[in-house]
Novice: 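Have a look at this one.
Heavy-atom basis, side chains included; hydrogens, waters and symmetry copies ignored. Residue numbering restarts at 1 for every chain, and letters A, B, ... go by the order of the sequence lines.
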Number of protein chains: 2
Amino acid sequence: MVNKKCIIRLLRYKNALHRLNSLGFVRVFSDNLADAVGVTASQVRKDFSLFGICGNKRGGYQIETLLEKLNHILGKNEQQKVVIVGGGNIGAALMKYKGFEKEGVKIAACFDIDPAKYNHREGDIPVLPLEQLKDFVRQHHIRIGVIAVPDIAAQQVLDFMLAAGIKGILNFAPIRLRAASDCVINNVNLVLELETVIYFIINGTESSINNRHIG
Amino acid sequence: MVNKKCIIRLLRYKNALHRLNSLGFVRVFSDNLADAVGVTASQVRKDFSLFGICGNKRGGYQIETLLEKLNHILGKNEQQKVVIVGGGNIGAALMKYKGFEKEGVKIAACFDIDPAKYNHREGDIPVLPLEQLKDFVRQHHIRIGVIAVPDIAAQQVLDFMLAAGIKGILNFAPIRLRAASDCVINNVNLVLELETVIYFIINGTESSINNRHIG
DNA sequence: GATTTATTGTTCAAAAAATCACAATAACTA
DNA sequence: TAGTTATTGTGATTTTTTGAACAATAAATC
């Protein structure tokens, strides 16, 4: 019942609420959130209902309390620390990207096997030898990791990360990973996402797709 | 019926077939593809059926002809050219990433408003002033573009891209874009993808989620 | 060449997800 | 304060997606 799509919607509600909040709004209706996120108002209410979130009949939802509840559900009350394995193109871009910090996600360190990438300048996110992953993860109580290595190395890196105690994976390598121990894997395949757009452009014109968000 | 999830599956079948092909395999069964992609064999056969792809009873599918058919459906027979708008972290990483070229997707150019980013070294992907987008798109018959600018600029950039003739968008900015003209928009929100993993790690432990691919 | 076996293609059933619809009711209005 | 109105929360319904099952049948075997 609580699947990825549902959580993604909650996260989007949270983002929309954050914007409304900083614009000075105090309350919000399911309609408003539906518009902001691109779903129906029923969907919004049902999602809330599923997590026991109540509003006021005719009064809508108090933004502040709604945000608190969503933040609690989504684990956004404390900063979450993650590690990246792979300091190449994608890993480097993620380290520089400001979007994570803004949402309370702290990239604690990056790990690589290439000594040329190692770096421990004050202020920068440290890039460390992969051997140090296990100790680092233990020491900082980290459960989430990003795989940003070439596909050929990804499975091996996953095994290593799981052995180090990582439980949740965001995987950018374009292969299906096999996991022995219990964990959660979320795959992001950038090429696939672009190829999907290409398909709908090539094949979608005759069926007059107008202005469709496909994901 | 032919939705994003279905196309993503087809693209994954294609990738799996490519690997099998380069390993010297000649034919494949729905079971094999199901394993490789993480779906049921029924799903594989149903997907193929939907696109009129037939195999041989008891003989499975001829990899070569299957690949040809999938490539045709997915528009992979000719190289697809795309542009990136935004030469920041994400844009730069995408330009350096080898995965696109490997799959027949050519990043033709990148556009930015910051002159410090402009670059036309031989061999590199050119980074050009945004004003040149329209002419470039016309000249190279480009229909697909990537938005890799800060969220604050994304809507304006989208409007500009649509005006330039772009029809398909891969959007990395974490906001919901509004489009006047007909187009296809695929959103990739990296922070959201990571936050999703965080949710399942925080809330998933008690429900004994074992080794789940959530996307 | 007959028999067995494994795999497809498709129909039917099940499960999941989204949407509709409306009673309940709190907030407004006069 | 009584009446009106807008919005929630949820049960019912529809739509979409997935999975199971099995007849049809081509390949393999003997």
Novice: For A:Leu10 and C:dA17, what is the distance between atoms CG and P respectively, to the nearest whole Å?
Specialist: 14 Å

Novice: Regarding D:dT10, can its base be found pairing with the side chain of A:Lys46 as donor and acceptor, where the two atoms are less than 3.5 Å apart?
Specialist: no

Novice: Only pairs at least two apart or in different chains count here, so list each salt bridge (charged side-chain N to carboxylate O under 4.0 Å, His left out) that has a residue in residues 69-84 of chain B.
Specialist: A:Glu195-B:Lys76

Novice: Can you measure A:Leu66 atom CG to D:dG9 atom P for me and round it to whole angstrom units?
Specialist: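 Rounded to whole Å, this separation is 10 Å.
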
Novice: Nearest whole Å is fine: how far is C:dA16 P from A:Arg9 CZ?
Specialist: 15 Å

Novice: Using side chain to side chain donor-acceptor pair (under 3.5 Å) as the criterion, list what pairs up with B:Arg45, not counting sequence neighbours.
Specialist: B:Ser30

Novice: At under 4.0 Å, does any side-chain N or O of A:Lys5 touch on OP1 or OP2 of C:dA16?
Specialist: no

Novice: Can you name the residues that form a side chain to side chain donor-acceptor pair (under 3.5 Å) with A:Asn189, not counting sequence neighbours?
Specialist: none

Novice: For A:Asp47 and C:dA16, what is the distance between atoms CG and C1' respectively, to the nearest whole Å?
Specialist: 14 Å

Novice: Taking only N/O atoms, report every protein-nucleotides 7-9 of chain C pair under 3.5 Å with atom names and distance.
Specialist:
unit_1 : atom_1 : unit_2  : atom_2 : d
C:dT7  : O4'    : B:Arg58 : N      : 3.4
C:dT8  : OP1    : B:Ser30 : N      : 2.9
C:dT8  : OP2    : B:Ser30 : OG     : 2.6
C:dT8  : O2     : B:Lys57 : NZ     : 3.4
C:dG9  : OP1    : B:Gly55 : N      : 2.5
C:dG9  : OP1    : B:Gly55 : O      : 3.3
C:dG9  : OP2    : B:Tyr61 : OH     : 2.7
C:dG9  : N7     : B:Arg45 : NE     : 2.7
C:dG9  : O6     : B:Arg45 : NH2    : 2.8

Novice: Ring-plane angle category for A:Tyr97 and A:Phe100, please: parallel below 30°, perpendicular beyond 60°, tilted otherwise.
Specialist: perpendicular

Novice: Nearest whole angstrom, please: distance from the P of C:dA16 to the CG of A:Asn3.
Specialist: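 To the nearest whole Å, that distance equals 10 Å.
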
Novice: With A:Asn186, which residues qualify under side chain to side chain donor-acceptor pair (under 3.5 Å), at least two apart?
Specialist: A:Lys4, B:Glu193

Novice: Distance check needed: D:dT10 P versus A:Leu50 CG, whole Å only.
Specialist: 11 Å

Novice: Does B:Tyr13 have any side chain to side chain donor-acceptor pair (under 3.5 Å) partners at least two apart in sequence or in another chain, and if so, which?
Specialist: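 For B:Tyr13, the residues satisfying side chain to side chain donor-acceptor pair (under 3.5 Å) (neighbours in sequence not counted) are B:Asp47.
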
Novice: Would you kindly give the CZ-to-P distance between B:Phe51 and C:dT10, to the nearest whole Å?
Specialist: 15 Å

Novice: Are B:Thr40 and D:dT18 close enough that a side-chain N or O sits under 4.0 Å from OP1 or OP2?
Specialist: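 B:Thr40 to D:dT18 OP1/OP2: no side-chain N or O under 4.0 Å.
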
